[in-house]
Amino acid sequence: MYYVNREQIARRLDAIPEVAEGLRQVVQAWDGGLVLGMVQERCLHLAVEIVTDVGSYLIDGFIMRDASSYDDIIQINYEESVFDESTYGVLRQLVTLRKPLVQDYYSWQRTVLNPLSAALPDVLEQFSGQVSTYVEKELGPFQGNEGQVRE
């Protein structure tokens, strides 16, 4: 029997709407300035953490093969049919941003609109839906503390 930490997966998926909205607002109002550059940077960083955290919970919970890198987390989840190929392609690009965002932040180009910022909101929402569908297909509907099915 699998132990999939649905609560932690749900908490991370629940953060997606705010990250997606942040990126949509950045793209719509982009001016190359510091404030929008910092908002974009934080949204991209959160997006990386969300997809890798969720992917890691799925790998651990469903006892998939061990991941050796952030890219590997995405690849394993794709190979296990958690999400589709178009989502996979964007998420692979996204995880390459982790090192520049977290370790090389001092040289991050905050005045440049990252090409992923426009595509990522829709992809994150698709990712959330695909993860939820996968978990429900494998384990059945998620019931929260009050016995209500979580959609």
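We use all heavy atoms of the structure for the numbers below, so side chains are in, but hydrogens, waters and symmetry mates are not. Computed from a predicted model, the values in this text were never measured in an experiment.
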Shortest non-hydrogen contact between [X] and [Y], atoms and distance:
X	Y	answer
L44	L94	O-CD1, 4.0 Å
R110	W30	O-CH2, 3.4 Å
G22	V39	O-CG1, 4.3 Å
A67	I59	CB-CD1, 4.1 Å
G140	R6	O-NH2, 2.9 Å

Determine whether [X] and [Y] make a side-chain contact, defined as any pair of heavy atoms from C-beta on separated by less than 4.5 Å.
X	Y	answer
W108	L97	yes
T87	L91	yes
I50	L124	no
Y78	E85	yes
D72	Q75	yes

With a 3.5 Å cut-off and no angle check, do the side chains of S86 and D84 form a donor-acceptor pair?
yes
Decide, yes or no, whether a salt bridge links E49 with R12 under the criterion of side-chain N to carboxylate O below 4.0 Å.
no
Below 4.0 angstrom, N of the basic side chain to O of the carboxylate: do D122 and R24 qualify?
yes
[X] side chain vs [Y] backbone, donor-acceptor pair below 3.5 Å:
X	Y	value
D104	S107	no
T133	G129	yes
S56	T52	yes
Q40	N114	yes

Is the distance between the ring centroids of F62 and Y3 under 6.0 Å?
no
Assigning hydrophobic clusters by single linkage (Ile, Leu, Val, Met, Phe, Trp, Tyr; side-chain heavy-atom cutoff under 4.5 Å), is Y57 placed with I63?
yes
Within a radius of less than 6.0 Å around CD of E21, do more than 12 heavy atoms belonging to other residues, nucleotides or ligands occur?
yes
